[in-house]
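Count residues from 1 along the sequence. Every value quoted in this text rests on a predicted model; they were computed, and no experiment measured them.
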Amino acid sequence: MRQKKSPDRPKQDHSIKLEFQDNDLLPYLYGHHNSNLAAIEEALDVSLDSFGNIIKITGSKTNTSTAKSTIEALYKRIANDTGHRDLTASMVKDALRWASEASNDGMAAFANSDGALDTWRKTVTPKSKGQGDYIKALASHDVVFGIGPAGSGKTYLAVAKAVEALKAKRIERIVLSRPAVEAGERLGFLPGDMKEKVDPYLRPLYDALYDMMPPDMVDRMLVSGQIEIAPIAFMRGRTLSQSYVIIDEAQNTTPVQMKMVLTRLGDDSRMVITGDLSQVDLPHGQKSGLEDAVSILDDIKGVKIIRLKGSDVVRHPVVARILTAYEKRDDKK
């Protein structure tokens with residue numbers, strides 16, 4: 001299907017044949033000009049040859065097995081989703097990501113779109129096994145810590161879960177907070193009123209909201225208070241009931257701030273604390289409140305700590321590889 005391998009490449013003679021029952025689904029599976037199959041070939045270094053309803057996979061034993069899991073999961077995903085069968089390049093990448101690290105149960109979860117979050121503008125689905133575990137934790141625990149590198153979806157998925165809960169009227173409001181500038185929240189030198197001072201640091205939260213809700217709805221809810229975005233200093237002395245609370249960039253909280261935030265949780269509320277412990281901006285020698293919290297709350301009932309990895313990053317593929325290299329270096333240390 002693609003250009004022939006160079007002669008000096010080691011011979012690969014392991015092959016698998018897949019046969020599909022519903023020929024009507026194959027154009028969606030193969031993609032325009034077999035683009036989906038070509039993407040799988042490129043990612044896994046295998047050859048895919050299609051003959052009617054049969055695909056022959058040739059390559060190393062490990063890669064042919066991964067390709068088989070990927071193709072089967074995509075076929076089942078198409079069969080299950082009768083309303084939207086076109087496979088995007090992003091969906092093919094998601095299937096490859098799941099297949100590289102997930103079990104058979106994990107691939108079934110991808111095929112069935114398990115963990116899909118229904119927001120006003122889009123359906124948000126987990127793009128890796130780690131993200132799938134994260135969404136499960138968000139559904140089953142009152143307090144969830146999502147720890148991982150930038151791009152792993154920890155904040156975006158938390159906002160999606162909050163928006164889904166608001167849409168279903170399981171909560172009355174969403175409260176989004178993060179340290180502004182740094183843990184000390186030294187905003188006085190910035191121009192404008194308090195909202196103008198903190199908005200640039202809360203921009204990722206706004207972006208996620210506008211991605212999942214109509215802009216006019218976001219604006220109305222910000223005015224009415226159904227959606228509240230504020231720096232962590234504004235949380236002191238409050239009890240947040242009937243709320244979905246997200247504390248973002250929590251690695252830049254102090255232990256005192258983190259304890260204060262965690263004790264704001266009121267009746268019928270959920271809280272998600274997200275952060276990246278490799279990106280702490282606190283003064284040298286100051287312990288991160290996020291690091292402190294996860295060290296003492298791991299076995300507390302109702303609390304779940306999810307650690308996302310470089311393999312969960314859904315930005316440019318090279319970003320995931322860069323982060324994985326850093327993780328290996330840090331593990332050796």
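For D281 and N252, the side-chain atoms include at least one donor-acceptor pair closer than 3.5 Å. A donor-acceptor contact closer than 3.5 angstrom links the side chains of R173 and S243. Between the side chains of R77 and S113, at least one donor N or O sits under 3.5 Å from an acceptor N or O. Between K127 and S90, the side chains place a donor N or O and an acceptor N or O closer than 3.5 Å (distance only, hydrogens not considered). Checked by atom type, the side-chain pair Q131/D312 shows no donor-acceptor distance below 3.5 Å.
A donor-acceptor contact shorter than 3.5 Å links the side chain of N53 to the backbone of F20. Side-chain atoms of T274 never come within 3.5 Å of backbone atoms of K154 as a donor-acceptor pair (strictly under, hydrogens ignored). Side chain of R170 to backbone of L166: no donor-acceptor contact under 3.5 angstrom is found. Between the T70 side chain and the T66 main chain, a donor and an acceptor come within less than 3.5 Å of each other. No side-chain donor-acceptor contact under 3.5 Å links T58 to the backbone of S15. Remark: the backbone N or O of D276 is not paired with any side-chain donor or acceptor of S278 at under 3.5 angstrom. Between the side chain of N36 and the backbone N or O of L29 there is at least one donor-acceptor pair closer than 3.5 Å. Side-chain N or O atoms of D22 include one that pairs as donor or acceptor with a backbone N or O of D24 at under 3.5 Å.
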Is there a salt bridge (Lys or Arg N to Asp or Glu O under 4.0 Å) between E164 and K161 once you walk through the steps? CA-CA 5 Å; E164 181 192 55; K161 188 66 178 177; 3.3 Å; yes

Could you go through E72 and K68, starting from their C-alpha distance and side-chain angles, then the distance that decides it, and tell me whether this counts as salt bridge (Lys or Arg N to Asp or Glu O under 4.0 Å)? CA-CA 6 Å; E72 288 177 336; K68 175 178 181 292; 3.1 Å; yes

Salt bridge (Lys or Arg N to Asp or Glu O under 4.0 Å) assessment of R270 paired with D142: CA-CA 5 Å; R270 294 287 180 99; D142 296 324; 3.3 Å; yes

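Taking both residues in full, the closest heavy atoms of A230 and S177 are given as O-OG, 2.8 Å, listed atom of the first, atom of the second, then distance. For T64 against G59, the heavy-atom pair with the smallest separation is CG2-N, 3.2 Å. Across all non-hydrogen atoms, the minimal contact from D292 to S295 is O-OG, 2.6 Å. When all heavy atoms are compared, the tightest approach of V313 to P149 is CG2-CG, 3.9 Å.
The environment of K61 atom NZ is sparse: at most 12 non-hydrogen atoms of other residues, nucleotides or ligands sit within 6.0 angstrom. Annotation: K136, atom NZ; neighbour count of heavy atoms from other residues, nucleotides and ligands within 6.0 Å does not exceed 12.
Just one of L282, T254, I232 meets the side chain to side chain contact (heavy atoms under 4.5 Å, CB included) condition when paired with P179; it is I232.
Note on residues 209-234: pairs passing side chain to side chain donor-acceptor pair (under 3.5 Å), not counting sequence neighbours, are K122-D211, Y156-D211, Y210-D219, D216-R220, E228-R238. Applying the salt bridge (Lys or Arg N to Asp or Glu O under 4.0 Å) rule to pairs touching residues 246-257 yields R178-D248, R178-E249, sequence neighbours excluded.
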